[in-house]
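Structure record follows, encoded as structure tokens.
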There are 2 protein chains.
Amino acid sequence: MSASRTARERVRAELTREITDIARGQLATEGASGLSLRAIAREMGMVSSAIYRYFPSRDDLLTALIIDGYNALGEAVEKADAAVAREDHTGRWLAVCHAVRDWALAHPHEYALLYGSPVPGYKAPMDTVAAAIRDTVVYGRIVSDAHEAGVLNPRDGFPAPPAAFSGDAGRVRDIIPGVPDDVIARALLAWTGLFGWVSFELFGQFNNVILDPRAAFEHAMRCHAALLGLPA
Amino acid sequence: MSASRTARERVRAELTREITDIARGQLATEGASGLSLRAIAREMGMVSSAIYRYFPSRDDLLTALIIDGYNALGEAVEKADAAVAREDHTGRWLAVCHAVRDWALAHPHEYALLYGSPVPGYKAPMDTVAAAIRDTVVYGRIVSDAHEAGVLNPRDGFPAPPAAFSGDAGRVRDIIPGVPDDVIARALLAWTGLFGWVSFELFGQFNNVILDPRAAFEHAMRCHAALLGLPA
DNA sequence: AAGAAAAAGAGAGCACTGCTCTTGACGGGC
DNA sequence: GCCCGTCAAGAGCAGTGCTCTCTTTTTCTT
């Protein structure tokens with residue numbers, strides 16, 4: 001029974017995959033708003049309504065693309081982190097930074113889908129969150145490792161986090177375990193700083209100003225590492 | 001002659017304004033992709049083709065909205081800065097931070113238009129840049145003032161900017177005049193950190209994690225101030 | 001004041017879009 | 001061998017940006 005059933009299921013999986021592949025291609029050339037189910041169907045030699053057998057709506061296709069995107073970025077970050085010696089926390093941080101930036105530059109529209117403006121009317125379903133934090137989990141492990149190894153400079157001269165922050169810090173600690181509140185706060189700073197920089201570069205805020213973005217980025221991330229307390 | 005000329009021109013200006021107002025309303029409720037010239041025309045009791053007498057294309061309307069947005073944000077930032085004593089550089093920085101965040105929270109779709117994903121196929125014309133840097137100019141003045149007043153902590157422990165950065169630093173110095181390269185670098189860090197944070201908060205990256213965003217933001221911006229070298 | 005010129009509105013139409021509904025064909029489980 | 005679920009196809013709805021032509025209104029010039 002399963003042999004014949006899988007025959008059907010296999011072609012279904014195949015077509016589903018082909019749809020997302022073509023959609024990703026459209027995303028790369030036209031952007032999220034240029035995603036057209038009819039155009040996908042045309043390219044597949046299918047009639048437009050047939051697509052709805054595989055994705056009930058445009059938003060569901062979008063969800064699939066978003067999850068794929070988070071996973072692709074997460075995997076890139078995981079690989080970059082794994083390629084550096086585990087005790088070289090600063091090197092791991094920098095590797096992660098470059099992995100994020102390189103992936104974003106290689107897939108600008110996908111990055112925009114993940115970290116840019118939310119698509120209006122689109123509500124991200126819960127399925128996305130697991131994929132969404134893959135990169136953050138890697139980052140959290142680096143910070144935790146560094147703290148555990150005792151190499152995190154206490155960085156005095158910075159204000160102590162207010163009492164109102166402790167609740168939020170606790171929730172962040174699920175991802176960056178075992179570190180005190182002030183490290184949580186600085187870790188958030190570096191993480192938002194990384195994506196803020198990449199977004200500025202990718203979304204054109206640096207146009208005609210930063211002409212050697214890689215060098216500026218590298219230095220900026222080294223500064224963030226220092227702020228975090230990582231050794232130079 | 002000008003009296004009669006202005007009669008026509010006045011109604012034209014009036015209608016142009018009405019179009020952008022309705023468009024801004026659409027932007028707030030539907031987002032950028034929900035902008036519909038036909039819906040605007042309908043709301044004005046006009047025929048859709050008539051809109052094209054005022055804006056040759058959807059992109060031109062978008063440009064107008066973008067410029068308006070930059071100006072609105074710039075004005076909010078200017079006001080916030082002006083409300084603080086000129087020598088209180090840290091206070092001015094925090095006021096600017098909150099002005100950006102408050103404006104973004106009040107006009108999320110407009111913020112997304114300015115600092116989120118670029119609209120695919122849309123090429124920002126040169127007219128936008130003057131408006132786009134209004135907020136940055138205010139920020140640059142704060143940093144310059146603080147440096148000139150000699151209150152900027154040198155913040156050693158941070159890596160020195162590489163030689164490759166000097167060219168870019170020079171271009172940034174047009175906006176933050178009179179400060180050395182390392183201050184330029186840290187100023188960029190704080191600025192991108194501010195917008196990175198606001199974008200994370202607004203675009204949902206903090207969902208279910210940061211529940212008291214204002215407190216966390218305030219502390220984060222104080223840390224950025226410290227990184228920059230501003231006195232506590 | 002009269003006529004030429006410029007500007008604006010109206011409406012039809014083109015080529016698209018997402019999405020729904022119905023119809024007809026195919027193929028595996030009873 | 002029937003029967004029902006799965007699927008493709010096609011027509012159709014309501015909407016989009018934009019272009020074209022035609023008519024009306026306003027402004028400028030003589």
Side-chain angles (χ1 to χ4, degrees), chain A residues 1-20 22-23 25-27 29-66 109 113 119-123, chain B residues 1-20 22-23 25-27 29-66 113 119-123 125:
Chain A
M1 74 160 199
S2 74
S4 52
R5 150 151 280 176
T6 43
R8 215 216 282 273
E9 297 221 321
R10 226 170 42 199
V11 67
R12 186 183 176 83
E14 178 70 28
L15 283 181
T16 306
R17 183 175 168 68
E18 193 177 337
I19 291 174
T20 54
I22 296 179
Q26 282 195 0
L27 207 65
T29 58
E30 313 282 340
S33 63
L35 243 182
S36 158
L37 296 183
R38 289 180 117 107
I40 294 173
R42 220 176 298 133
E43 195 166 331
M44 294 179 67
M46 227 178 190
V47 101
S48 72
S49 56
I51 301 279
Y52 289 83
R53 297 270 173 205
Y54 299 87
F55 292 95
S57 80
R58 194 175 176 272
D59 280 7
D60 292 273
L61 176 53
L62 215 57
T63 299
L65 293 176
I66 289 176
H109 288 104
L113 201 58
V119 179
Y122 172 81
K123 176 85 175 54
Chain B
M1 73 156 203
S2 74
S4 52
R5 149 156 277 178
T6 45
R8 214 222 267 280
E9 297 222 320
R10 222 167 49 192
V11 66
R12 184 182 176 85
E14 178 68 29
L15 284 182
T16 305
R17 182 175 169 68
E18 193 177 338
I19 291 174
T20 55
I22 295 178
Q26 282 195 358
L27 207 65
T29 59
E30 313 281 340
S33 64
L35 242 183
S36 158
L37 296 182
R38 289 180 115 109
I40 296 172
R42 219 176 300 131
E43 196 166 329
M44 294 178 67
M46 228 178 187
V47 103
S48 72
S49 57
I51 300 280
Y52 289 83
R53 299 272 177 208
Y54 297 87
F55 292 95
S57 81
R58 194 177 176 273
D59 280 7
D60 292 273
L61 176 54
L62 216 57
T63 300
L65 292 177
I66 289 175
L113 200 59
V119 179
Y122 173 80
K123 176 86 175 54

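Convention: sequence-line order gives letters A, B, ...; per-chain numbering from 1.
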Worksheet item: Which pair of heavy atoms, one from A:T20 and one from A:L65, lies closest together, and at what distance?
Response: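 Smallest interatomic distance, heavy atoms only, reads O-CD2, 3.8 Å.
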Worksheet item: What pair of heavy atoms forms the shortest contact from A:F55 to A:A64, and how long is it?
Response: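 The pair with the smallest heavy-atom distance is CE2-CB, 3.9 Å.
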Would you indicate what [X] reaches in the nucleic acid, counting non-hydrogen atoms under 4.0 angstrom: base, sugar-phosphate, or nothing?
X: B:I51; value: nothing
X: B:S36; value: sugar-phosphate
X: A:R53; value: base
X: A:L15; value: sugar-phosphate
X: B:R58; value: sugar-phosphate
X: B:I40; value: nothing
X: B:S48; value: base

Tabulate below the donor-acceptor pairs under 3.5 Å that side-chain atoms of residues 29-44 of chain B make, not counting sequence neighbours, or state none.
residue: B:T29; atom: OG1; partner: B:G25; partner atom: O; Å: 3.3
residue: B:T29; atom: OG1; partner: B:Q26; partner atom: O; Å: 3.2
residue: B:S36; atom: OG; partner: B:R38; partner atom: N; Å: 3.4
residue: B:S36; atom: OG; partner: B:A39; partner atom: N; Å: 2.9

Protein-nucleotide distance ([X], atom [atom1]; [N], atom [atom2]), rounded to Å:
X: A:R12; N: C:dC26; atom1: CZ; atom2: C1'; answer: 16 Å
X: B:R38; N: C:dA15; atom1: CZ; atom2: C1'; answer: 12 Å
X: B:D60; N: D:dG17; atom1: CG; atom2: C1'; answer: 13 Å

Item to complete: Return yes if a side-chain donor-acceptor contact under 3.5 Å exists between A:T63 and A:D60, otherwise no.
Response: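 There is no such pair between these side chains.
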Worksheet entry | Nucleotide nearest A:R42 (side chain, heavy atoms from C-beta), chosen from C:dG18, D:dG17, C:dC16 |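 Minimum distance to the A:R42 side chain belongs to C:dC16.
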Discussion item. Which nucleotide wins on minimum distance to the side chain of B:Y54, given the candidates D:dT16, C:dG9, D:dG17?
Written reply: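 Nucleotide nearest to B:Y54's side chain: C:dG9.
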Discussion item. Distance criterion of 3.5 Å, no angle test: do you see the side chain of A:S49 paired donor-to-acceptor with the base of D:dA8?
Written reply: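 No, the side chain and the base share no sub-3.5 Å donor-acceptor pair.
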